[in-house]
2 protein chains.
Amino acid sequence: MDQNSLPPIQTTARDDAVLKALVGFVGAEALRPGEKLPTERILAERLKVSRNTVREALTRWEGLGLVERRQGSGTYLKAAVSPDMLHMPLTLSGGNDFTSLMQTLEIRRALEAEAAALCAERASPADIAEIERKLDIMEQAFRTRDGMSAEEDWEFHQAIYRVSGNPLFEQIIAAMHELFHRFWEHPLGVRDFGHASFPYHRTIYECIAARDPQGARAEALKLIATVEDDLKRGAAKLKLSSQT
Amino acid sequence: MDQNSLPPIQTTARDDAVLKALVGFVGAEALRPGEKLPTERILAERLKVSRNTVREALTRWEGLGLVERRQGSGTYLKAAVSPDMLHMPLTLSGGNDFTSLMQTLEIRRALEAEAAALCAERASPADIAEIERKLDIMEQAFRTRDGMSAEEDWEFHQAIYRVSGNPLFEQIIAAMHELFHRFWEHPLGVRDFGHASFPYHRTIYECIAARDPQGARAEALKLIATVEDDLKRGAAKLKLSSQT
DNA sequence: AGTGGTCCAATGGTCCAACCAATTTCTGCA
DNA sequence: TGCAGAAATTGGTTGGACCATTGGACCACT
């Protein structure tokens with residue numbers, strides 16, 4: 001017997017219905033990110049449901065990062081929503097130990113190389129100019145602030161992900177990035193962390209500008225390799241110093 | 001000045017506090033996935049908060065897939081939780097269109113190749129035997145059921161991810177996989193979808209068994225390439241047939 | 001022993017009516 | 001006109017009530 005011939009029936013789904021109605025509303029009103037949604041009280045009244053139900057639905061959206069609630073102000077759209085959108089919560093097993101950081105780097109190595117290659121294939125002249133601009137900003141920040149250019153560095157990489165044409169790269173690598181930096185504030189004694197990766201930003205850019213996917217991939221791999229080296233050095237030093 | 005030295009004070013964060021307490025509870029009781037959490041009413045009483053607040057917190061967890069609520073029965077843990085865990089909601093714009101599927105494949109291409117290479121580096125003899133076992137099962141299913149071996153196929157790949165030693169591969173690729181299959185039931189008229197990828201499973205295995213990372217990477221790329229081809233063929237056929 | 005029926009307590013789902021806390025807007029005084 | 005304080009707005013929380021579903025206990029009948 002085909003087990004699929006008797007699917008479980010759907011009995012109640014109030015809050016789901018609320019979300020569906022909200023999707024329709026956002027579409028009908030052509031709301032864009034940053035704009036304000038109707039009040040919870042108004043939604044409850046219009047949809048003929050309790051305010052609690054509205055809140056449960058909005059809590060779901062907030063958890064997905066689709067919406068931001070500001071007490072006293074209102075609820076604001078944070079990302080575009082459309083009927084055919086897929087939300088996939090990914091839970092990454094954390095752990096602030098060395099192993100976890102290396103694991104995030106392994107993921108990032110794979111994605112960073114692919115994104116750089118795709119970027120080199122698909123970049124328009126305007127894209128290349130934009131990436132060069134980010135590179136210049138980063139290099140200047142690096143020089144004037146003696147290597148403290150994490151913000152600008154990250155923006156350079158993000159520009160590459162965007163040009164790759166696949167938003168998943170930015171989303172997934174951003175998660176790795178956050179995971180990495182959550183234990184990064186001053187985790188290890190490596191003061192010059194990231195310095196070694198500096199020159200590869202320009203070589204990556206040059207490969208992209210030259211439309212050389214394989215070159216871009218290779219340079220991206222070198223960049224990640226320097227970060228892995230830094231991490232290993234830091235871990236070794238930490239291990240040494242913790243031997244009481 | 002370090003901006004992190006003055007974190008914003010937390011005036012209200014009831015439901016967040018509830019979640020933190022719940023994490024502690026799960027840890028203290030060593031709850032495993034599938035086990036039942038305390039009743040909402042009990043949680044509300046113990047934590048000295050309203051039941052609605054408890055519900056908002058649980059709604060968050062439900063949205064992240066950490067927990068499952070069954071009316072009349074209870075709330076059940078669905079995944080392991082630990083204090084330092086990162087929850088990343090992935091939002092894939094688009095839907096069932098060709099572009100979205102190709103995007104998931106681009107991610108999978110990058111990760112699949114890296115995982116296969118790492119697997120070839122790190123596999124123990126026992127690991128190799130396990131992978132071969134999965135391969136045999138899959139090949140037999142493929143032959144006896146005329147190519148309908150999606151389940152066994154997937155288990156073969158999962159074995160590789162596990163042996164890679166990095167659980168992130170399995171988690172992220174699983175997300176891509178689910179995304180891909182959500183529109184896969186019979187989306188396109190390609191009846192023999194996946195047939196072309198069949199031989200590469202064995203070549204990947206052989207490279208792993210031979211401890212040949214670069215070979216494994218290359219074969220994995222070939223496998224993904226066949227899937228991309230199938231997808232393109234299906235999309236072309238669909239486009240053709242929809243020209244009424 | 002097994003089958004089906006009925007009842008009941010437990011549990012999540014929804015609702016209501018308030019009040020609290022943060023924010024925004026308005027108002028009236030200097 | 002400028003601005004401090006009051007008032008309205010809005011999300012956050014509370015407590016209590018009832019509904020719908022679940023799962024077990026119990027029972028009658030076969």
Side-chain angles (χ1 to χ4, degrees), chain A residues 6-23 25-26 29 31 33-79 81 89, chain B residues 6-22 25-26 29 31 33-79 81:
Chain A
L6 271 180
I9 62 174
Q10 203 66 358
T11 158
T12 52
R14 287 288 245 228
D15 46 2
D16 249 4
V18 169
L19 284 187
K20 206 178 294 185
L22 264 186
V23 169
F25 176 82
V26 170
E29 301 284 318
L31 285 190
E35 294 194 65
K36 198 172 146 188
L37 266 64
T39 306
E40 294 180 350
R41 291 172 172 86
I42 292 185
L43 284 176
E45 181 190 359
R46 291 275 204 286
L47 299 174
K48 293 294 179 196
V49 296
S50 155
R51 197 179 143 217
N52 269 342
T53 307
V54 171
R55 282 184 61 71
E56 288 236 349
L58 287 179
T59 300
R60 273 186 164 66
W61 269 17
E62 192 186 25
L64 289 169
L66 290 182
V67 113
E68 180 182 353
R69 293 149 114 176
R70 288 208 286 272
Q71 184 173 170
S73 177
T75 304
Y76 299 84
L77 208 56
K78 225 170 116 185
V81 311
Chain B
L6 272 181
I9 61 171
Q10 211 65 352
T11 160
T12 52
R14 292 292 246 224
D15 47 0
D16 241 8
V18 169
L19 284 187
K20 205 178 295 183
L22 218 42
F25 176 82
V26 171
E29 300 285 316
L31 285 190
E35 294 195 64
K36 197 170 146 190
L37 266 64
T39 307
E40 294 180 351
R41 291 173 171 85
I42 293 184
L43 285 176
E45 181 191 358
R46 292 275 204 285
L47 298 174
K48 293 294 179 197
V49 296
S50 157
R51 192 181 147 217
N52 272 337
T53 305
V54 171
R55 281 184 63 63
E56 289 239 346
L58 287 179
T59 300
R60 275 185 162 65
W61 269 17
E62 192 186 25
L64 289 168
L66 289 182
V67 113
E68 179 183 353
R69 292 148 112 173
R70 287 208 288 271
Q71 183 174 168
S73 177
T75 304
Y76 298 84
L77 208 56
K78 226 171 115 185
V81 308

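Remember, predicted model here, so these are calculated numbers, not experimental data. Residue numbers start from 1 in every chain, and the chains themselves are labelled A, B, ... in the order their sequence lines are given, proteins ahead of strands. Hydrogens, waters and symmetry mates are skipped; everything else that's a heavy atom, side chains included, is used.
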If I compare all heavy atoms of A:Val18 with all of A:Ala57, which pair ends up nearest, and what's the gap?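 Taking A:Val18 first and A:Ala57 second, the nearest heavy atoms are CG1-CB, 3.7 Å.
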Are B:Lys78 and B:Glu62 close enough for a salt bridge, meaning some N to O gap below 4.0 Å? no
Name the residue closer to the 5' end of DNA chain C, choosing between A:Tyr76 and A:Val49 according to the nucleotide with the nearest heavy atom. A:Val49
Selection: residues 50-65 of chain B, any non-hydrogen atom under 4.0 Å of DNA chain D: B:Ser50, B:Arg51, B:Asn52, B:Thr53
Which atom pairs, donor and acceptor, lie under 3.5 Å between side-chain atoms of residues 41-49 of chain B and protein residues at least two apart or in another chain?
none

Heavy-atom contacts under 4.0 Å between residues 40-47 of chain A and DNA chain C, which residues? A:Arg41
A:Glu68: partners by salt bridge (Lys or Arg N to Asp or Glu O under 4.0 Å), with sequence neighbours left out: A:Arg70
How long is the line joining CZ of B:Arg70 and P of C:dG12, in whole Å?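 Distance, rounded to whole Å: 11 Å.
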Closer than 4.0 Å, any side-chain N/O of A:Thr39 to the OP1 or OP2 of D:dT10? yes
Specify the closest pair of heavy atoms between A:Tyr76 and A:Gly34, including all atoms of both residues, with the distance to one decimal.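 Taking A:Tyr76 first and A:Gly34 second, the nearest heavy atoms are CD2-O, 3.6 Å.
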For residues B:Ala79 and B:Gly65, report the shortest heavy-atom separation together with the two atoms involved.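 The pair with the smallest heavy-atom distance is CB-O, 4.3 Å.
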Considering only side-chain heavy atoms of A:Arg14, which listed nucleotide, D:dT21, C:dT24, C:dT14, is closest? C:dT14
Under 4.0 Å: is that the gap between some side-chain N or O of B:Ser73 and OP1 or OP2 of D:dT21?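 Negative; the distance criterion is not met.
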Axis-to-axis angle across the helix from C:dA1-D:dT30 to C:dA30-D:dT1, five pairs an end, to 10 degrees?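 Comparing the axis at each end, I get an angle of 0°.
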In whole Å, what is the span from the CD atom of B:Gln71 to the C1' atom of D:dT21?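 It is 5 Å, rounded to the nearest whole Å.
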Using the salt bridge (Lys or Arg N to Asp or Glu O under 4.0 Å) criterion, which residues pair with B:Arg51? Sequence neighbours excluded. B:Glu40
Under a plain distance cut-off of 3.5 Å, with no hydrogens placed, do B:Arg55 and B:Ser50 share a side-chain donor-acceptor pair?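 Side-chain D/A pair, B:Ser50 to B:Arg55: absent.
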